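Before any comments, here is the structure.
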Amino acid sequence: MRPSILYPLFSPMDTLSGVGQRYFRLLSNLCGNKIVDMLWHLPSGYIDRRCSISLKQARNGQLWTGNVSVIEHIVPKSRKQPYRVVVEDETEQMTLVFFKTYGDQLSKLLPVGAKKIISGKIEIFNQSLQMPHPDYIVDQNKAEQLPLIETVYPLTAGITNKMVYKLMAQALTYVPDLPEWLDPELIKQKNWPDFKTALWNVHHPQSADDLLPKSPSRQRLAYDELLANQLSLAIVRSRLKKIPGRCLHGSGILRDKLKPFLPFSLTEAQNRVIEEILKDMESPYKMSRLLQGDVGSGKTIVALITMLNAVECAAQAAIMAPTEILAQQHYDTLLPICESIGVQIALLTGSVKGKKRQALLEQLKDGTINILIGTHALFTEDVEFQNLAYTIIDEQHRFGVNQRLSLSDKGKNCDVLVMTATPIPRTLVLTQFGDMEYSKIDQLPAGRQPVSTTVMPLTKIHDIVAALQRKIAAGSQAYWVCPLVEESEKIDLSAATERYESLKKIFGEHAVGLIHGKMKESEKNAVMERFKSGAIKLLVSTTVIEVGVNVPAATVMIIEHAERFGLAQLHQLRGRIKRGNEASNCILLYGFPLSEIARSRLNTMKQTEDGFIIAEEDLKLRGGGEILGLRQSGFNHFRLADISEHQGLLMTAHKDASLLLAQDPTLASQRGQALRNLLYLFEQDTAIKTYNAG
Ligand code: ADP
Ligand code: MG
């Protein structure tokens with residue numbers, strides 16, 4: 001289905017001459033396995049070999065390029081000595097020094113009397129000029145083989161820059177002339193080159209400015225990529241919008257019944273998002289909406305109220321949580337409320353088995369159960385609903401747009417609400433969730449106590465333990481978080497286990513618990529239960545507690561090696577102790593060395609609790625993609641755009657894409673046809689499939 005004009009760009013990397021099996025493998029790791037991947041591999045610098053001085057003027061350490069004649073070869077007498085070749089220009093002699101040579105390589109390359117152009121770094125040794133291993137030695141009549149400005153690329157072991165540079169020159173010849181897909185007005189206004197020229201330019205920087213994200217060619221390519229992303233999401237979104245759904249317009253009877261059972265009044269923000277969701281549910285089209293709200297902003301009650309709207313319509317609703325612990329927690333929270341208003345609620349996880357499961361499935365099928373809470377077990381094949389109309393997916397930012405599509409396929413014409421507690425900066429919402437509508441709870445319930453955050457070196461750990469003993473004696477509970485080092489779960493685990501053992505000696509055998517990702521769900525649940533009941537006072541964990549766990553009495557958190565965590569992750573963790581109306585303490589322990597970035601992360605944590613500020617800061621510090629969990633989840637990485645540098649372009653691309661689709665929903669116009677090339681070029685398969693499917 002790919003337009004044939006793009007075939008050459010999508011040929012495998014080994015189509016390029018000089019790329020055999022070994023290089024194919026190395027290049028695949030470096031940038032990808034197709035020629036187009038090579039072209040997306042942007043340079044990080046350049047070497048300026050232009051030089052107009054003679055050898056006499058050359059100084060130590062200088063990069064020198066010039067014409068020389070070969071005078072003589074000094075063959076080493078022992079293996080320890082280097083091979084030397086004496087050359088000269090009109091002003092001075094210089095010795096080329098080779099520590100590694102093979103056979104008669106050098107006598108062939110530099111025969112006495114030959115005239116060559118050489119380029120490399122000059123060293124002055126005993127007052128004479130040397131050049132160890134010149135970068136380039138070419139015939140004077142083949143000057144074009146020596147790039148005067150040599151582009152420098154990010155590399156991987158086994159591949160030299162020269163190699164990438166040469167392959168890039170080949171790859172660039174595969175770029176076809178493509179019809180322009182950008183708005184001519186925009187191009188004129190920005191003074192951007194066309195796609196092919198831009199691509200050539202970025203691979204041939206002539207100045208430091210050319211390497212900057214703001215250079216016109218880099219901007220142009222970044223815009224292309226962002227537009228492909230935004231157009232693709234807009235296509236999916238417009239398709240979803242047209243999928244017929246049900247008009248869920250409940251009588252309000254259950255919601256009224258609920259009111260007296262709520263110990264608080266809803267915040268303005270909660271009321272607003274509830275209105276937004278209800279309006280969407282009432283519409284005759286399928287809902288696909290993202291609900292963002294910081295930890296503790298009160299998403300659960302929003303979920304319940306909107307589910308009640310579905311139940312009032314004699315339909316069923318389901319919440320899917322990412323772990324059993326969270327499913328259980330939702331269940332525990334919602335069960336008493338639902339019981340008091342006569343709504344049937346049930347919990348289905350992997351550990352519900354046998355007769356119990358059978359009975360539950362039957363009640364689900366005959367409609368006795370109104371609300372089902374579960375993990376992904378909820379979408380296994382034998383789970384049949386009588387009348388599922390509304391699905392809520394909690395903390396689902398870990399999934400990409402593809403998974404979202406397949407999930408909502410299962411729910412047929414179900415309305416879907418995705419809830420996430422990860423504050424996602426606006427730009428990332430656009431690039432990752434641009435296929436969905438968007439609601440945000442930007443306000444915490446009144447009366448929340450701030451968390452006091454302290455940053456301390458790990459060497460103070462004894463003081464911390466002493467303080468913790470006093471806190472626990474006074475009735476507090478605490479989390480002790482050990483870092484996750486991605487490279488090795490084994491090491492993480494042993495660090496956490498060790499800490500657990502040593503804390504047990506201090507706090508007593510039964511007062512300390514351990515929880516980590518390698519435990520079975522049932523074991524984790526058992527430990528969580530004992531922590532919730534207060535039997536365990538101090539819970540040592542790896543980052544598994546990160547998302548959603550709610551134990552109001554836990555008011556202290558210690559994070560070991562906090563410098564190893566990302567900002568968003570620290571924020572999520574800290575959110576765990578922000579539940580009640582009691583003051584709480586978070587202690588961030590750091591080890592050395594402490595990088596500048598880590599230091600500034602810890603400072604941010606100390607200064608603010610606002611998740612959105614933290615997320616924006618995170619984006620600034622590390623660029624896109626490291627927001628909690630997004631990287632691991634196939635988060636859309638841009639190859640040409642830099643989300644923190646090209647935010648403005650993203651906004652423009654967003655508007656451009658909506659406008660385009662409004663005017664030309666089937667991409668049938670001339671520009672529409674050109675845009676199809678763009679979608680293919682950036683492999684926006686989801687969108688392409690979507691509109692091919694009609
Ligand atoms: P999250 O958005 O992190 O899922 P929850 O829904 O778990 O937050 O709510 C956190 C706590 O705040 C719960 O104990 C909940 O009962 C309480 N809460 C929710 N909304 C309000 C409100 N409007 N006023 C006071 N407390 C609230
Ligand atoms: Mg929650």
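All values derive from a computational prediction rather than experimental measurement. Indexing begins at 1, ligand by ligand and atom by atom, following the structure's order.
Ala421 does not count as a contact of ligand 1, since none of its heavy atoms falls under 4.0 Å from the ligand.
Listed by atom number, the atoms of ligand 1 under 4.0 Å from Asp294 heavy atoms are 2 (O). Close contacts of ligand 1 with Ser297, meaning ligand atoms under 4.0 Å from a residue heavy atom, involve 2 (O), 8 (O). When each atom of ligand 1 is checked for a heavy atom of Thr267 under 4.0 Å away, the hits are 23 (N). Near Leu266, meaning under 4.0 Å from any of its heavy atoms, are these atoms of ligand 1: 23 (N).
With hydrogens and angles ignored, the 3.5 Å screen pairs no side-chain donor or acceptor of Ser283 with any backbone N or O of Lys279. For the pair Arg601 (side chain) and Gly566 (backbone), a donor-acceptor distance under 3.5 Å is absent.
Closest heavy-atom approach to atom 4 (O) of ligand 1 within the set Thr333, Thr300, Ile441: this belongs to Thr300.
Residue pairs satisfying the side chain to side chain donor-acceptor pair (under 3.5 Å) criterion with at least one member in residues 365-374, sequence neighbours excluded, are listed as follows: Asp366-Thr368.
Considering backbone and side-chain atoms together, Gly298 places an N or O closer than 3.5 Å to an N or O of ligand 1. For the pair Gly296 and ligand 1, the shortest N or O to N or O distance falls below 3.5 Å.
In this structure, the side chains of Ser297 and Thr267 stay at 4.5 Å or more apart for every pair of heavy atoms.
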Exercise for the section: Give the intermediate values and the outcome of salt bridge (Lys or Arg N to Asp or Glu O under 4.0 Å) for residues Arg237 and Glu437. Expected result: CA-CA 8 Å; Arg237 175 169 164 163; Glu437 306 296 323; 3.6 Å; yes
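Taking the charged nitrogens against the carboxylate oxygens, Glu312 and Arg255 do have a contact shorter than 4.0 Å, which makes a salt bridge.
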Could you pull out every donor-acceptor pair under 3.5 Å between side chains of residues 243-252 and any protein atom, sequence neighbours left out?
from	atom 1	to	atom 2	distance (Å)
Arg246	NH1	Asn387	OD1	2.6
Ser251	OG	Ile253	N	3.3

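Looking at Ser265 against ligand 1, only its backbone comes within 4.0 Å, counting heavy atoms.
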